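Read the numbers this way: they start at 1 and go in the same order the structure lists the ligands and their atoms. Nothing here was measured: the structure is a model prediction, and the numbers come from that model. The first residue in the sequence is number 1, and the count goes up from there.
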Amino acid sequence: MKTDFLVIGSGIAGLTYAIKMAERFPDQEVLVVTKTIADETNTKYAQGGIAAVWDELEDNFNKHIDDTLVAGDGLCDPHVVDIVVREGPDRVREIIEWGARFDRDADGDYALGMEGGHSASRILHYKDLTGSEMERALISMIRTKSNIRVISHCFVVDLITQHHAGYLVTKSTPDITCYGVYVLNLHTGKMEQIRARAVMLATGGNGQVYRTTTNPPIATGDGVAMVYRAKGRIENMEFIQFHPTALYQPGHKGHAFLITEAVRGDGGILRNNLGEAFMEKYDPRKDLAPRDIVARAIDNEMKRNGTECVWLDCTHMDREKFLHHFPSIHEKCLSLGIDPLQDLIPVAPAAHYSCGGIKTDESGQSSIHRLFAAGECASTGLHGANRLASNSLLEAMVFAHRCFLAVSERFGEKETEPGSLTFPEWDAAGTTAPKEMILITQSLKELQALMTDYVGIVRSDTRLERASRRLDLLHEETERLYEQTIVSPQLCELRNMITVSFLVVKSAQFRKESRGLHYNTDHPAKSGLVQNIVL
Ligand code: FAD
Ligand code: SIN
């Protein structure tokens with residue numbers, strides 16, 4: 001299969017880019033592939049909203065820049081922060097023009113929410129369903145473009161790349177070129193090649209490597225693993241953000257339901273089993289301290305008191321306002337017999353967001369020629385060691401736009417077609433259908449257990465060393481299985497999650513300090529050496 005512009009992923013980053021490319025090149029094709037159905041993405045589950053400087057009387061760019069830098073704990077790229085904060089409001093206006101709705105106050109102005117680490121109210125939101133509303137608007141927009149083709153149930157397995165021996169490796173002239181991807185077409189069960197002039201990776205996050213996560217099952221880090229296999233650069237993978245308040249539901253199967261930070265923004269208070277509002281012991285910003293601080297405080301309270309959760313107290317909040325702002329949280333809690341305005345909501349931290357990923361420059365170009373990345377799979381330099389709440393939808397849109405500008409300029413014209421190279425068909429010789437799915441499902445459980453127990457909110461040298469040794473074994477067994485077995489999404493995802501876990505552990509081992517989201521009890525202080533870990 002051949003197309004002009006290939007997009008992998010149908011979340012906010014992939015669809016924003018696709019719409020812009022399709023509008024700019026109406027005579028060319030934009031092909032979006034996605035591994036399940038189009039709207040099954042992390043984007044759909046975003047609750048709190050999107051951060052942007054909107055009310056220029058109460059807020060300004062410098063405040064948003066400072067908040068992002070403070071949360072990032074010394075590792076943000078200040079130039080990238082400046083870009084995202086200043087370009088953000090224009091991208092928000094664009095998605096409003098495309099039909100996304102955000103809540104308004106009684107005067108008809110956009111209602112701006114408050115979240116942890118922000119010094120002003122700047123979170124545009126649609127109830128507690130912001131992501132679902134944005135995804136809806138993007139999908140409706142896609143449907144109006146006759147030159148966008150979306151193929152669902154199309155699993156991208158690997159990049160098709162050529163390595164040019166002898167090239168000088170610099171930022172602007174990568175020595176690897178991407179020509180397309182190998183996909184498993186789940187409609188036909190066949191492996192196919194898709195070739196394109198430029199490939200955009202928008203494959204999202206990797207929360208599924210942990211036992212408890214807010215991320216849906218698609219979040220298995222496929223894009224990062226593919227780029228690493230192709231020898232592209234991956235950055236800062238140790239910075240996994242745990243959201244402090246996922247709904248605690250013992251025995252629940254599937255991803256954890258989020259209780260948005262906006263609930264604390266509207267006055268919700270965290271309490272331990274003794275009823276103490278414990279956050280004041282940890283940070284003067286109390287319940288609205290940045291996420292790393294709140295998640296570690298909760299972890300500490302749970303360990304100290306021997307409980308599996310803490311509680312979010314909303315009983316003092318106004319019922320009308322709560323119902324208006326958080327209808328889905330209200331409904332979910334009621335379905336479990338919890339009335340959030342009368343009862344405390346049990347919550348515990350859950351893996352939520354990957355701050356690191358595929359290293360890109362300011363245009364979204366990865367270290368591989370003709371390969372771009374945006375959204376959660378990318379490491380642009382915005383988040384540093386810890387992402388500020390509600391900055392990721394913003395980053396995804398700003399960088400999707402920047403990828404659009406760069407791809408249009410560099411590869412927009414048909415003449416920029418790479419040479420007509422041929423690449424080998426997928427070699428499935430000697431492989432057979434999987435005989436025992438337990439070999440995959442049990443390895444996945446082991447992986448999630450070791451990442452949760454040894455590479456969670458608090459780490460130590462010994463735990464990381466243990467994780468590394470156990471990962472080696474899982475890697476060896478899974479690679480053997482992969483060589484012998486017909487490709488399936490389950491096996492590919494396991495393989496990708498092992499690679500991602502390896503990258504998290506290795507980066508964590510290299511970082512001999514505690515900074516942002518990475519806390520190691522053997523190196524509790526921040527080092528004077530401020531560096532990104534690139535693998
Ligand atoms: P996604 O939206 O995750 O899309 C990834 C796409 O890639 C999917 O279509 C998937 O099918 C596809 N894909 C992946 N691998 C393959 C493959 N191998 N082959 C083919 N397709 C593939 N951020 C905020 O800024 N504000 C919030 O309020 C907020 N709330 C959140 C709440 C929850 C519960 C969660 C989970 C996240 C939240 N986030 C929030 C984070 C934010 O939603 C995500 O970071 C963002 O939506 C990621 O968008 P994306 O386009 O990069 O990826
Ligand atoms: C939330 O609504 O609490 C999540 C916001 C985010 O992840 O940015």
Give me the residue, atom name and distance of the protein heavy atom closest to [atom].
atom: atom 27 (C) of ligand 1; result: Gly49 O, 3.5 Å
atom: atom 3 (O) of ligand 1; result: Asn42 N, 2.9 Å
atom: atom 29 (C) of ligand 1; result: Ala46 CB, 3.4 Å

Determine whether any heavy atom of [X] lies closer than 4.0 Å to an atom of ligand 1.
X: His352; answer: yes
X: Ala202; answer: yes
X: Thr130; answer: no

What part of [X], side chain from CB on, backbone N/CA/C/O, both or neither, has a heavy atom under 4.0 Å from ligand 1?
X: Leu258; value: side chain
X: Arg387; value: side chain
X: Lys35; value: both
X: Ala13; value: both
X: Thr203; value: both
X: Ala51; value: neither

*Can you pull the side chain to side chain donor-acceptor pair (under 3.5 Å) pairs that have at least one residue in residues 184-199, sequence neighbours excluded?*
Asp4-Arg197, Gln28-Arg197, Asn185-Glu192, Arg197-Thr416

*What side chain to side chain donor-acceptor pair (under 3.5 Å) pairs are there with at least one residue in residues 371-380, not counting sequence neighbours?*
Asn42-Glu376, Glu235-Ser379, Thr380-Glu395

*Who are the residue neighbours of ligand 2 when the rule is a heavy atom under 4.0 Å from any of its atoms?*
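The 4.0 Å shell around ligand 2 contains Gln47, Gly48, His243, Leu258, Thr260, Glu261, Arg291, His352, Arg387, Ala389, Ser390.
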
*Which residue from Ser392, Gly11, Ala262, Gly221 reaches closest to atom 42 (C) of ligand 1 through any of its heavy atoms?*
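Result: the heavy atom closest to atom 42 (C) of ligand 1 is in Ser392.
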
*Could you check which of Tyr45, Phe155, Phe257, Phe399 puts a non-hydrogen atom nearest to atom 32 (C) of ligand 1?*
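Residue with the shortest heavy-atom distance to the ligand atom: Tyr45.
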
*So which of Thr16, Leu393, Val92 actually passes side-chain contact (heavy atoms from CB on, under 4.5 Å) with Met134?*
Leu393

*In ligand 1, which numbered atoms sit nearer than 4.0 Å to a non-hydrogen atom of Asn391?*
25 (O)

*Would His64 and Phe61 satisfy ring-ring contact (aromatic ring centres under 6.0 Å, His included), going step by step from the backbone distance to the final call?*
CA-CA 5 Å; His64 191 183; Phe61 290 141; 8.5 Å; no

*asked:* If you count every heavy atom of other residues, nucleotides or ligands that lies below 6.0 Å from Lys286 atom NZ, does the total exceed 12?
replied: no

*Residues two or more places apart in sequence or in another chain: which of them pass salt bridge (charged side-chain N to carboxylate O under 4.0 Å, His left out) with Glu301?*
Lys281, Arg304

*For His252 and Phe257, what are the C-alpha separation, side-chain angles and deciding distance, and is it a ring-ring contact (aromatic ring centres under 6.0 Å, His included)?*
CA-CA 10 Å; His252 168 73; Phe257 183 85; 9.3 Å; no

*Would you say Thr43 has any N or O atom under 3.5 Å from an N or O of ligand 1, going by distance alone?*
yes

